[in-house]
**Student:** 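One structure, as structure tokens, below. Some questions next.
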Amino acid sequence: MNVIEAENLTYHYRRTNAVRGLNLTVPEGSVFALLGPNGAGKTTTIKMLMNLLRPDAGQARVLGVSSTLLGPREFERIGYVSENQDLPLWMTVDRFADFGRALHPTWDRDLELKLRRQFDLPGRRPLEHLSRGMTMKAALLAALSFRPKLLVLDEPFSGLDPLARDEFTRGLLEASTEGDWTILVSTHDIEEVERLCDWVGMIERGPMRIAESTESLLSRYRRVEAVNVPSFNNIVPDEWLDFERADGAVKFADRRYVAGQSETAYASAFGGAPVQVRPMTLREIFIAEARSSRALGKEVK
């Protein structure tokens with residue numbers, strides 16, 4: 001079962017294509033990272049999925065319901081944390097938890113207390129007197145304690161220092177073992193989600209460039225370097241990204257790597273020159289794809 005299914009989602013801000021022809025599938029039980037640079041359309045996508053914006057075209061279903069029909073009944077099963085979220089800052093952490101407990105019949109008091117200890121949240125301190133990191137932890141506490149079926153995090157790491165990011169991520173990882181929820185997190189902070197997500201989608205205002213399991217993604221990308229290349233026919237396959245050639249050396253990212261077969265193709269292309277092949281991190285894959293997307297956009301223009 002898929003918790004989120006979107007087809008051809010499109011939204012315009014005046015003459016700007018914020019999101020265009022986006023297809024997205026988020027499997028149940030997954031931790032899905034929606035990656036993209038600032039301005040890529042991640043927040044707009046989230047807002048369409050959460051019925052905060054109505055798509056100009058396309059449609060989406062969230063928890064089996066059309067996104068344009070999401071209401072109080074559905075939001076009782078959806079936790080939401082955003083970098084720009086409006087919180088009752090005058091409330092203390094204790095009162096904020098009491099407020100959430102009164103709203104959600106499924107609130108788990110034991111989970112709440114466990115998260116409060118883990119996040120080291122000061123119960124009597126108003127939210128407005130907390131650090132940015134502590135405020136985000138309080139928001140996460142409220143979003144997790146009622147055990148939602150879907151947790152949506154929109155740029156949750158923005159503005160957090162490295163320690164706060166690590167504590168937030170560790171808290172999310174540990175809390176994820178407490179329930180059967182699905183998590184959709186949009187971010188440009190790739191390092192934080194690399195240890196968190198098991199599905200990845202990459203977006204840059206247009207159709208999704210990538211949408212697959214992290215395991216599949218990491219298995220098919222490789223960084224390739226060849227030295228002392230005697231000859232090259234200058235025909236660069238589409239699957240070779242971020243291609244560079246200088247002083248007899250060739251470097252690129254191969255997004256269609258197949259063990260054994262690809263090495264044979266490299267040897268043939270580079271006249272038997274020595275070739276090094278190594279796995280790529282999620283961050284390296286993201287950068288290679290982003291550069292390719294921008295280069296393609298310049299060519300189209």
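Quick caveat, the model's predicted, so the values are computed rather than measured.
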**Student:** Is the shortest heavy-atom distance from the side chain of Y13 to the side chain of T44 under 4.5 Å?
**Tutor:** yes
**Student:** Just by distance, do the side chain of D198 and the backbone of V31 share a donor-acceptor pair under 3.5 Å?
**Tutor:** yes
**Student:** If we only count heavy atoms from C-beta on, is the L153 to I183 side-chain gap below 4.5 Å?
**Tutor:**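 Heavy-atom side-chain distance check passes, below 4.5 Å.
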**Student:** Got a second to check how far T135's OG1 is from E83's CD, nearest 0.5 Å?
**Tutor:**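 T135 OG1 to E83 CD: 13.5 Å, rounded to 0.5 Å.
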**Student:** Side chain of S30, backbone of V26: donor and acceptor closer than 3.5 Å?
**Tutor:** no
**Student:** For the pair N51 (side chain) and L70 (backbone), establish whether a donor and an acceptor sit closer than 3.5 Å, ignoring hydrogens and angles.
**Tutor:**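 At least one qualifying donor-acceptor pair exists.
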**Student:** How far apart are the C-alpha atoms of E284 and R223, what are their side-chain angles, what is the distance that settles it, and do they pass the salt bridge (Lys or Arg N to Asp or Glu O under 4.0 Å) test?
**Tutor:** CA-CA 9 Å; E284 289 174 322; R223 174 60 66 179; 5.7 Å; no
**Student:** Is a side-chain donor or acceptor of E263 paired with a backbone partner of G260 at a separation under 3.5 angstrom?
**Tutor:**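 Judged by distance alone, yes, a pair lies under 3.5 Å.
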**Student:** Sub-3.5 Å donor-acceptor pair from the side chain of Q118 to the main-chain atoms of L115, do we have one?
**Tutor:** no
**Student:** Donor-acceptor pair, distance only, cut-off 3.5 Å: does the side chain of D247 make one with the backbone of A249?
**Tutor:**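 No, the answer is negative, given that no donor and acceptor are paired below the 3.5 Å cut-off.
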**Student:** Identify which one of K137, E155, M136 satisfies the side-chain contact (heavy atoms from CB on, under 4.5 Å) criterion when paired with V81.
**Tutor:** M136
**Student:** Would L151 and L144 count as a side chain to side chain contact (heavy atoms under 4.5 Å, CB included) if you check the C-alpha gap in whole Å, the side-chain angles of each, and the deciding distance to 0.1 Å?
**Tutor:** CA-CA 8 Å; L151 175 63; L144 286 174; 3.6 Å; yes
**Student:** What residues form a ring pair (Phe, Tyr, Trp, His ring centres under 6.0 Å) with F252, not counting sequence neighbours?
**Tutor:**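 F252 satisfies ring pair (Phe, Tyr, Trp, His ring centres under 6.0 Å) with W240, F243, Y266 once adjacent residues are dropped.
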**Student:** More than 12 non-hydrogen atoms from neighbouring residues, nucleotides or ligands closer than 6.0 Å to CZ on R283, yes or no?
**Tutor:** no
**Student:** R116 vs L141, test: side chain to side chain contact (heavy atoms under 4.5 Å, CB included). Steps then yes/no.
**Tutor:** CA-CA 7 Å; R116 290 180 67 165; L141 168 76; 3.7 Å; yes
**Student:** Looking at every heavy atom in both A273 and P230, which two are closest together, and how far apart are they?
**Tutor:**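 Looking at all heavy atoms of both residues, the shortest contact is CB-CD, 4.0 Å.
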**Student:** Is there a side-chain contact between T182 and K149 in this structure, where contact means two heavy atoms from C-beta onward sitting under 4.5 Å apart?
**Tutor:**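 No, side chains not in contact.
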**Student:** So which atom in A226 and which in F270 form the shortest heavy-atom distance, rounded to 0.1 Å?
**Tutor:**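 Heavy atoms of A226 and F270 come nearest at CB-CD1, 3.8 Å.
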**Student:** With no hydrogens and no angle check, is any side-chain donor or acceptor of N17 less than 3.5 Å from a backbone partner on R20?
**Tutor:** no
**Student:** Salt bridge or not for R61 and E5, using N-O below 4.0 Å?
**Tutor:**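 Result for this pair is no, no salt bridge flagged.
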**Student:** If the condition is ring pair (Phe, Tyr, Trp, His ring centres under 6.0 Å), which residues does F157 pass it with, not counting sequence neighbours?
**Tutor:**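 With sequence neighbours excluded, F157 shows a ring pair (Phe, Tyr, Trp, His ring centres under 6.0 Å) to F168, given in chain and number order.
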**Student:** At what distance, to the nearest 0.5 angstrom, does CD of E112 lie from CZ of R117?
**Tutor:** 10.0 Å
**Student:** Which atoms form the tightest heavy-atom contact between M48 and T10, and what is the distance?
**Tutor:** SD-O, 4.0 Å
**Student:** Using every non-hydrogen atom in the two residues, find where S82 and Y80 come nearest and quote the distance to one decimal.
**Tutor:**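 Nearest pair, atom of S82 first, then Y80: CB-OH, 3.6 Å.
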**Student:** Would you say that L49 contacts L184 through its side chain, given a criterion of any heavy-atom pair below 4.5 Å between the two side chains?
**Tutor:** yes
**Student:** Mind checking the OH-CZ spacing from Y257 to R222? Nearest 0.5 Å is all I need.
**Tutor:** 5.5 Å
**Student:** Quick check for you: to the nearest 0.5 Å, what is the distance between L24 atom CG and M208 atom CE?
**Tutor:**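 Spacing of CG (L24) from CE (M208) equals 4.5 Å.
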**Student:** Do W199 and P27 make a side-chain contact, defined as non-hydrogen atoms from C-beta onward lying under 4.5 Å apart?
**Tutor:** yes
**Student:** Is it the case that over 12 heavy atoms from other parts of the model lie below 6.0 angstrom from the CZ atom of R54?
**Tutor:**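 Counting other residues, nucleotides and ligands, CZ of R54 stays at 12 neighbours or fewer.
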**Student:** Under 4.0 Å between a Lys/Arg side-chain N and an Asp/Glu carboxylate O for R278 and E225?
**Tutor:** no
**Student:** Is D242 paired with R291 through a side-chain N to carboxylate O contact shorter than 4.0 Å?
**Tutor:**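 Yes, R291 and D242 are salt-bridged.
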**Student:** A side-chain contact here means heavy atoms from C-beta on lying under 4.5 Å apart; do R77 and L150 qualify?
**Tutor:**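 Result no, sub-4.5 Å side-chain heavy-atom pair not found.
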**Student:** Could you tell me whether a side-chain N or O of E194 sits under 3.5 Å from a main-chain N or O of L282, the two making a donor and an acceptor?
**Tutor:** yes
**Student:** Using side-chain heavy atoms (C-beta onward) and a distance below 4.5 Å, is V185 in contact with L34?
**Tutor:** no
**Student:** What distance do N23 atom CG and L9 atom CG have between them, rounded to the nearest 0.5 Å?
**Tutor:** 8.0 Å
**Student:** Between T43 and D154, is a side-chain hydrogen bond (donor to acceptor under 3.5 Å, both in side chains) present by the stated rule, with each step listed?
**Tutor:** CA-CA 7 Å; T43 293; D154 186 13; 3.1 Å; yes
**Student:** Please test R101 against D98 for salt bridge (Lys or Arg N to Asp or Glu O under 4.0 Å), starting from the C-alpha separation and ending with a verdict.
**Tutor:** CA-CA 5 Å; R101 196 180 309 116; D98 293 341; 2.7 Å; yes
**Student:** List the atom of F32, the atom of T25, and the distance in Å for their closest heavy-atom pair.
**Tutor:**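 In terms of heavy atoms, the two residues are closest at CE1-O, 3.4 Å.
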**Student:** Would you confirm whether S219, through its side chain, and S216, through its main-chain N or O, come within 3.5 Å as a donor-acceptor pair?
**Tutor:** yes
**Student:** Under 3.5 Å, is there a donor-acceptor pair between the side chain of D108 and the main chain of D110?
**Tutor:** yes
**Student:** Enter the distance from Y221:OH to E289:CD here, rounded to the nearest 0.5 Å.
**Tutor:**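 The OH atom of Y221 sits 3.5 Å away from the CD atom of E289.
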**Student:** Answer yes or no: is there a side-chain heavy-atom contact under 4.5 Å between R220 and E212?
**Tutor:** yes
